[in-house]
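Order of listing sets the numbers, starting from 1, for every ligand and every atom in it.
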Amino acid sequence: MFHQFSRRVWYMDHDEASDRPVLGYVRGDRRCLMIDAGNSRRHAEEFLTQLERSRLPRPGLVALTHSHWDHCYGLHALDAVSISCTATLRDLERDAALSWSSDDLRRYGAEGIVPQFCEEHMRVEYPQLEEITVALPEITFEGTLQLDLGGCCAVLRQLVNPHAPDGVVVHLPEERTLFVGDAAYQELVGNDWVDHRDRLELFLRELEQMDFTHCFIGHGMPMPRSELFAWFGERLDEQPPSHI
Ligand SMILES: [Zn+2]
């Protein structure tokens, strides 16, 4: 389902079966920004179809929140200028050099290159794994990049977070909205979800400085700021600091 969230923000729901993440859309007066590119051509094209139905222009820009397949492998189906942090580009260059078939994926699973969780979902999304095409972002940055979309800005910030080294959040100050991709989640290490108290604390500290009322997480419903911080607080309580 595709929803309008505020005057300038829309989003398409996540889908657990194939691990499709939330895709975001910001309508500026001059430029429209898509947030994450989807996990396949089909996913990206479904998003474009929803835009058409809602009489919204196609995005001229697409920002990647991190390099994981479910957020990036739809990029080749989009005719938009793509933006990521440099670390995301490096990861995708590695993925683009891989060959993809059922046997390849089984081998990547066995060798730990692709976690089992991802392998299962990739097989759902791609009946023909050979269809996987990894496109590379065209513009890269380190630290912070501000995009003036006309009437509103999108501020991309690479932040230390518990999920991935290349996590970027997209802050829309005028909309008081924040897209965090998967940065709020634990890290998938092998086949286990591992939390990192130190990185979660740093992430929380940065987010506390940012003005937003609602947050979009990669595989869930949008949540109010208070709910996000309460969730972080619970996880920090569960993991006492190691030096005590
Ligand atoms: Zn991820």
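- Side-chain polar atoms of Glu130 and Ser101 form no donor-acceptor pair below 3.5 angstrom.
- Between Tyr11 and Phe5, the ring planes are perpendicular. Angles over 60° get that label, and only those under 30° would be called parallel.
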>> Set out, in order, the CA-CA distance, both residues' side-chain angles and the distance that settles side chain to side chain donor-acceptor pair (under 3.5 Å) for His71 and Asp182, then state yes or no.
In response: CA-CA 9 Å; His71 297 254; Asp182 289 351; 3.0 Å; yes

> So Tyr185 and Trp193, ring pair (Phe, Tyr, Trp, His ring centres under 6.0 Å) or not? Walk me through it.
Replying inline: CA-CA 9 Å; Tyr185 296 119; Trp193 291 98; 7.2 Å; no

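- With sequence neighbours excluded, the residues forming a salt bridge (charged side-chain N to carboxylate O under 4.0 Å, His left out) with Arg30 are Asp148, listed by chain and number.
- Here the straight-line distance linking atom CD1 of Ile113 with atom CD of Glu119 works out to 11.5 Å at 0.5 Å rounding.
- For the Zn ion (ligand 1), the tally of protein N/O/S atoms lying closer than 2.8 Å stands at 4.
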